[in-house]
Amino acid sequence: MAGRDDPVDLYRAVALHRAAATRLKSLRDQGRVPAATRCGLGYEAVSAGAARALRIAEDGTGDAVAPTPDNPGAFFVFGGTPLELFRRHLARDSAPGRGREPGMCAADFERGLVGPAALPGTMVEVMAGITLAFRLRAQDRVGLVFSGEDETSTSAWHEGINFAAAQRCPLIVVVQAGTEASIGAHTRVRDFGQKAAGYGVASASVDGGDVLAVHQAVLTAAERARSGKGTTLVEARGCPVLRRVHRAAGTGGGGHADEEPPDPVARFRARLVAERIARASDIDEVERGARAEVRAACEKALGEPSPAEERALGGVYDGDPGVPPWYRLEPPERGLAPASTTLPEAGL
Amino acid sequence: MAGRDDPVDLYRAVALHRAAATRLKSLRDQGRVPAATRCGLGYEAVSAGAARALRIAEDGTGDAVAPTPDNPGAFFVFGGTPLELFRRHLARDSAPGRGREPGMCAADFERGLVGPAALPGTMVEVMAGITLAFRLRAQDRVGLVFSGEDETSTSAWHEGINFAAAQRCPLIVVVQAGTEASIGAHTRVRDFGQKAAGYGVASASVDGGDVLAVHQAVLTAAERARSGKGTTLVEARGCPVLRRVHRAAGTGGGGHADEEPPDPVARFRARLVAERIARASDIDEVERGARAEVRAACEKALGEPSPAEERALGGVYDGDPGVPPWYRLEPPERGLAPASTTLPEAGL
Amino acid sequence: MTSNSRPEHLGKTLRGEPVTLLEAISEALFEEMERDSSVFLMGEDIGVYGGAFKVTRGFLDHFGAERVIDTPISEAGFTGAAAGAAHMGLRPVVEMQFMDFISPAYDVITNYLATSRYRGSGSVPVVVRGPVGGGNRGGPFHSQNVEMAFFHTPGLKIVYPSTSYDAKGLMKAAIRDDDPVIFEEHKSLYRAPHLREVLPSEDYVVPLGKARRARAGADATIVTYGAMVHASLQAAAALEKDDGVGIEVLDLRTLLPMDDAAIAESVKKTGRLLIVHEDTRTGGIAGEIAMRVNEQAFEWLDAPILRVTAIDSPVPYAGGLEDYFLPRVSDIITTCRYLVEY
Amino acid sequence: MTSNSRPEHLGKTLRGEPVTLLEAISEALFEEMERDSSVFLMGEDIGVYGGAFKVTRGFLDHFGAERVIDTPISEAGFTGAAAGAAHMGLRPVVEMQFMDFISPAYDVITNYLATSRYRGSGSVPVVVRGPVGGGNRGGPFHSQNVEMAFFHTPGLKIVYPSTSYDAKGLMKAAIRDDDPVIFEEHKSLYRAPHLREVLPSEDYVVPLGKARRARAGADATIVTYGAMVHASLQAAAALEKDDGVGIEVLDLRTLLPMDDAAIAESVKKTGRLLIVHEDTRTGGIAGEIAMRVNEQAFEWLDAPILRVTAIDSPVPYAGGLEDYFLPRVSDIITTCRYLVEY
Ligand SMILES: Cc1ncc(C[n+]2csc(CCOP(=O)(O)OP(=O)(O)O)c2C)c(N)n1
Ligand SMILES: Cc1ncc(C[n+]2csc(CCOP(=O)(O)OP(=O)(O)O)c2C)c(N)n1
Ligand SMILES: [Mg+2]
Ligand SMILES: [Mg+2]
């Protein structure tokens, strides 16, 4: 069995991802989080496999990762908790970010968690800068950013990876691509690893449903990065394609449109059992533990309050306490000049 | 001798480019056009060689080209004249565009001239759309856009070629790259042809100082495009690098920084003579003709007036005649409400 | 590949049935594509999927993949390509899946599309359309109003309808216009039941640049647009009922060019002006309106020009936060009272 | 690779010699980099070449390639990277070769840098600086003023100095500020001989958000900034001399946050307000100022608020056209007379 990680720990990460994604999906089906919420089902292998190839620390000395909403496994590996995840998705007052933003991942630079994403591609630029800082300070740290395959079409993705390449930033860009058949007519590319040469960076192409293959590819890329050799593009093929699947259907790929990539969790489990690395009962135990943790976190978050509405104010600038509009004051201060935006002296 | 074009006609285009570029450089040295004006010296082969591989028409049925300011040869091949070139550079009232914009090339869609460029990369997007229109209308036309090698770093270049690739637009993107040694530290790429695979388009890499090699590569790309096979990226290596040369010097490539690519005009001339395709005296004659045409055009343009200043007004919108600000009226209309921007009924 | 009959769901007006604002826009696009073969669509997932909000549902089957083009996530790329296609005589309508995503195309829109005519490079009849606005728990990147990103750029037009009738007529006018038009569609109005309306079955346009008096009144003027037209009408009704005060509500419909004359006329009548916009405060469109009214109707002002707007922050996600962020009917009422009593 | 002594041309202030506005900025950058090892520079050709306007000449030799980084033509890429580096505690100053080129970075600046703090993703102390403004025959893409592209975005600060003293002090304040700052440097002021000034040899900052009274006067107020401060001062001097009229000139220095208090104070004194900006008219900053003065000092206004601005078009290239496009001293004089006689 390849890879340097402990397979059962790796399975634990995969199982936690699956449990959280499953729970999130039922919240979505119940209308408790928006219908557009991405849960990350099917992204277990690439999420956990990649993240566990990095060095984790909680004191700002470890590696850094920027997960997409499809990568809760990576979020957990870097110390994010199911409770934080549900608090954010449910926009609780207790959530990191206090409900101001949707999505799973708040930035926590001590833990190496970067996010959440703005528009697609942006985090490649931001992670280029974070890993530039690692290099400029001669720190032994690397960064990893997850992206989708159509995200590679964005200007931000392009300028980000190109900048990282030029500056030999210790960055790993993981492109989560669909199967050949599922990728739509919106691109002529079928092999996203081939983009690497155009930027002068290294590349690897692996099965995104194979946790150990992803793990090994990222380990190799991280070693390269640590030894000063710069950026690597890792293509993880066979990830689930969501809406974009319809495109393929529209352009003749119809027969494959509904193709479901094989379940990466079941695959890993079967392999662990087949290679006698773990017993089915142990794995069941791991899964039960993950589900219990997730259930408890979700219940707790569901019971917590939303932020008070005035919390919309403030924090736009350094030291900005937030000033309510004059017409919301009780009673409105008649005769007084209506205040426009006021900034604190501190911020001036 | 390779290529299907008549070599002496090709030389004529090269010589006209050289004569115009030389003249423009002296205008620049004299301070009559801005110091930042790009003349195109050293770009003769790639400009004329590429453009003459396309089909020229003056009635909107031919191919289309978007030259950079370094490509007067392509501008001339598509029917642009030295007189237009000098009028524009000198911002004469008679210039296409009437002095509103610097640069050599005004858009003239009948002649297939597209331009002038806005920010780098933009014309790749625009030419993607122009060639998309060719394809949607099933016209037998192709488009060619020139770019610099660092222009490939821009978001616009990336999104433009990627869109063209996805839509199988009949587009040829010519990347005018420096020599390996002259390309700076701002990119890790040394072989720009390798970008093609990342977009799923065809590519060719040729010596940008060899007019016939460029010509042949563009002929092939145009045939591909006409047969519905879509976009090609042509890398023309060894083009002059202007300011960017300093970068190489700053990062260890110092020894090569001042490397001048061989003169493409002298090279072509020598070859024509050596292969007995033309006599030296005939070539001298061609050169004299080009210089005379350029000199006459330049003198004429120099003698023409600048636009009247009120010509700054109008034409921002369809049917917009332009309204002077109230405080410029003689006498200013006191007591009257000062006009803000007013748009004509027609434009509403 | 393409079918000839009009899809069932796009035939409501023909059948005399009421349509939503979203359906009005779909009908406008459909009819313009039928009328003029140079009109075509580009955008992300607009084909088989029919668009994130289903504005183009059924279009791919009817018009085929050459006129309903699914694009990569390349807002700059396909908007720039639209300019090129427009140069060749086509009339592209590009969809931003959410208008927030127009920001990567900011460069090409402001520097290329907007300036092309002036620079002598030809007209660029492109419509850039898509959903805008808050109140839908979309968070900071799926809720923006984008007018002020473009309002400062000469050469662009900006349209923002508030009714189904206007949406259809303005969309047709925008497509037929020879200048680039940014067309904002408020998500909360898309399917709002009270905006269902039976539209004329014959072809009509609503001219760009003309405001609409949504309600007449003598005591104060509200200038507004988009979803805030409805909030303002609610406030005006309440003020009429509770205070006996008459508020005139002007719906700009087109933000650029702006209908100065209509604004000045109303202000000269009422002497009091409130501007309401859903967009954030600082640098919002209220400023330009205040400036123009100063220039053109200062003598008629009996009170300061005031504004009700969103607060100056990104659009927050949590429901309560977003509700606080957005302007409220009660804010409009409070401010109108202040003005009328001034 | 790096040398220790301060380059000759960056020691003028130390030697008690006058500096230009450009040199003041170079000195500010240099001194901040000396003071704080977390400050570093990125931009196109800023290294060996020293930048298109030579603002960073000599920096590469002194600070080395790790702190003076030549970038690809990727304004979005390196500005986004600056945000990432800032998250890690660095203080990047990025140069736009011309500020017009900021437009490809519009997305990352408005959506990421500006919102990061509010969204809980951390502060982004990045300065984005570069040359702006017309009058240099740069044509439409090398002459823009960019303030209104960003003025509407909560979370950003915008600085635009008009003197060498302010340029140095504001740059230092911007670098030390924990929010993202857009810093505009007018090309015509860079080497203007009349702006040569002997600066304090000790470290100083000019706080962000505070306007400066450039000239006192009782009859009317001009609010302006950047190169128009000097045009306004010229007009004010002529009006004093020819008409005996006293014009107060307020130099905003920071556009966002705006010093409302200083504007209101002056307007309450003079009762008349003219806003002068080099930027184009519609949607220019004059609107927000007019709105705030309406809100805060309406009762004190004795005349309409007026504005003198560039005309609403792209910046034309030919000298005469550009001269016509830009606001003129005579425009300011004409408008001040109108106001004072109102
Ligand atoms: C600028 C911008 N354009 C479009 C979108 C909408 N959008 C978000 S994700 C997405 C599809 C991403 O596809 P891909 O990168 O392949 O990731 P996948 O969803 O397949 O994992 C789109 C269209 C956006 N958020 N921002
Ligand atoms: C958005 C933008 N960034 C930067 C520039 C300035 N600029 C124009 S050309 C150029 C260098 C282009 O290099 P390359 O593409 O290699 O072309 P070359 O000059 O070498 O032919 C730069 C930095 C610009 N005009 N617009
Ligand atoms: Mg995908
Ligand atoms: Mg080059």
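In what follows, every chain begins at residue 1, and chains take the letters A, B, ... in the order their sequences are listed. Being a predicted model, the structure only gives us computed values, none of them experimental.
- Using modelled atom types, one finds no donor on one side chain facing an acceptor on the other under 3.5 Å when comparing C:H277 with C:E147.
- Residues C:Y160 and C:Y225 bring their aromatic ring centres within 6.0 Å.
- Ranked by heavy-atom pairs under 4.5 Å with chain B, the list C:S121, C:S123, C:A173 is led by C:S121.
- Of the listed residues (C:P104, C:A83, C:P154), the greatest number of heavy-atom pairs within a distance under 4.5 Å of chain B belongs to C:P154.
- Residue contact with chain B, scored on non-hydrogen atoms closer than 4.5 Å, is absent for C:M291.
- The pair C:K268-C:E265 fails the salt-bridge criterion, with no side-chain N (NZ, NE, NH1 or NH2) lying under 4.0 Å from an Asp/Glu carboxylate O.
- Contacts between C:T110 and chain B at a heavy-atom distance below 4.5 Å are absent for every atom of the residue.
- Using a 3.5 Å distance cut-off with no hydrogens or angles, the side chains of B:E125 and B:T122 do not pair a donor with an acceptor.
- Contact count against chain B (heavy-atom pairs under 4.5 Å) is highest for C:A76 among C:G120, C:S38, C:P180, C:A76.
- The contact between C:D107 and chain B is made entirely by side chain atoms (from C-beta outward), counting heavy-atom distances below 4.5 Å.
- When all heavy atoms are compared, the tightest approach of B:P170 to B:F134 is CG-CB, 4.3 Å.
- For chain B, the option among C:V108, C:N111, C:L90, C:D178 with the highest count of heavy-atom pairs below 4.5 Å is C:L90.
- Only the backbone of C:E75 comes within contact range of chain B, with heavy atoms under 4.5 Å apart.
- For C:F40, the part lying under 4.5 angstrom from a heavy atom of chain B is the side chain only.
- Of the atoms belonging to B:A165, not a single heavy atom falls under 4.5 Å from chain C.
- Counting heavy-atom pairs closer than 4.5 Å to chain B, the top-ranked of the candidates C:A264, C:G155, C:A86 is C:G155.
- Under the 3.5 Å distance criterion, with hydrogens and angles disregarded, no donor-acceptor pair is assigned to the side chains of C:E44 and C:T71.
- Between C:R212 and C:S162, the closest heavy-atom pair is NH2-OG, 3.4 Å.
- Ranked by heavy-atom pairs under 4.5 Å with chain B, the first of C:T79, C:L156, C:T254, C:T115 is C:L156.
- The greatest number of non-hydrogen atom pairs below 4.5 Å with chain C, out of B:L132, B:L119, B:L136, is found for B:L136.
- Residue with the most contacts toward chain C among B:R98, B:M123, B:E101: B:E101 (heavy-atom pairs, distance under 4.5 Å).
- Inspection of the C:S266 and C:T221 side chains reveals an N or O donor paired with an N or O acceptor under 3.5 Å.
- Summarising the geometry of C:E184 relative to C:P161, their closest heavy-atom pair is O-CD, 3.1 Å, with the distance given to 0.1 Å.
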